[in-house]
Structures are given as structure tokens and as C-alpha cells.
Amino acid sequence: METVMVQPVMITDMKKKVADIMMAVSWRDFANTYFQKSSSWFYHKMDGIDGNGGTGGFNQMEAEQMRGALIDLSNRIRRAAECI
């Protein structure tokens, strides 16, 4: 029987993907609210590095969590705008 090692998919260019909103979002609050993690953890993920300076990034589950968090934030912004 052959054993196949599968490398987990890591998204290392998240910062590039959210460049359009990079300066408009408080990522410190975002990291705490949606990931219950520190801003330094989140910024390392965004930069595609791990805590030790090696290659890192968002795994598939974290990327889906990021997607859901951005959708939730966009819905919150839309509701606020509609109240004006």
C-alpha cells in the first residue's frame, strides 16, 4: 500500500486579496472579534508567515472563517448605512 502525504493548502497572499479595504478596517478589532486572536497573530497570517518567521498563512478553515467574517462585517456596515 502506498502512503501519500498531502500538504495542507495555505493561503499566503491574503493581504493582497484584501488590499482594497486594508486601510479601512481595524484589523486589531477584526482579529479579536472574529478569530479571538491577537492582532500580531492575525498580521502574521496576513503577511503569510508563521510566528517563527517561516512560511505560514491561512489554512483552508481559517480562510473560510475570514470569508464569513468579511461577509458579516459587510452586512453590519450595510445595516448601519440603511439606518441613515
Side-chain angles (χ1 to χ4, degrees):
M1 182 191 301
E2 184 178 330
T3 302
V4 178
M5 299 290 286
V6 177
Q7 289 280 9
V9 175
M10 293 298 264
I11 299 170
T12 59
D13 64 343
M14 190 67 77
K15 200 175 204 178
K16 183 178 176 182
K17 293 178 186 292
V18 298
D20 188 44
I21 61 168
M22 197 65 197
M23 298 304 293
V25 175
S26 167
W27 296 108
R28 180 185 149 280
D29 184 59
F30 188 89
N32 187 276
T33 301
Y34 292 104
F35 288 90
Q36 293 77 47
K37 299 283 187 173
S38 69
S39 58
S40 62
W41 174 89
F42 188 77
Y43 280 115
H44 284 310
K45 291 284 188 178
M46 292 287 279
D47 288 332
I49 59 175
D50 67 12
N52 298 316
T55 303
F58 288 84
N59 63 34
Q60 206 59 39
M61 188 176 80
E62 292 165 337
E64 187 58 35
Q65 187 175 357
M66 175 80 165
R67 182 180 176 280
L70 288 170
I71 290 170
D72 181 65
L73 182 58
S74 71
N75 289 335
R76 290 170 52 201
I77 291 169
R78 182 173 304 281
R79 282 193 304 272
E82 289 171 351
C83 288
I84 297 173

* Among Ile, Leu, Val, Met, Phe, Trp and Tyr joined by side-chain contacts under 4.5 Å, find the other residues sharing a cluster with M61 and list them by chain and number. =>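 For M61, no cluster forms, as it stays isolated from other hydrophobic side chains.
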* Going by side-chain heavy atoms closer than 4.5 Å, which hydrophobic residues are tied to M14, directly or by a chain of links? ->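 Members alongside M14: I11, V18, I21, M22, V25, W27, F30, Y34, F35, W41, F42, Y43, M46, F58, M66, L70, L73, I77.
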* Asked: CZ of R79 to CG of N75: how many Å apart, nearest 0.5 Å?
  -> 6.0 Å
* Pairwise distance CG(D72) to CD(Q65) - rounded to 0.5 angstrom -> 11.5 Å
* Which residue pairs pass the salt bridge (Lys or Arg N to Asp or Glu O under 4.0 Å) test when at least one of the two sits in residues 19-39, sequence neighbours left out? -> none
* To do: Give every residue pair that meets the salt bridge (Lys or Arg N to Asp or Glu O under 4.0 Å) criterion with at least one member in residues 48-68, sequence neighbours excluded.
  =>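 As it turns out, the salt bridge (Lys or Arg N to Asp or Glu O under 4.0 Å) pairs with a partner in residues 48-68, which skip direct neighbours, are K45-E62, E64-R67.
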* Asked: Considering residues at least two apart in sequence or located in another chain, which fulfil the side-chain hydrogen bond (donor to acceptor under 3.5 Å, both in side chains) criterion with S38?
  ->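 Scan of S38 (side-chain hydrogen bond (donor to acceptor under 3.5 Å, both in side chains), adjacent residues dropped) gives S40.
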* To do: Could you pull out all residues at least two apart from T12 that satisfy side chain to side chain contact (heavy atoms under 4.5 Å, CB included)?
  =>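 In terms of side chain to side chain contact (heavy atoms under 4.5 Å, CB included), with neighbours along the sequence ignored, T12 is linked to M10, T55.
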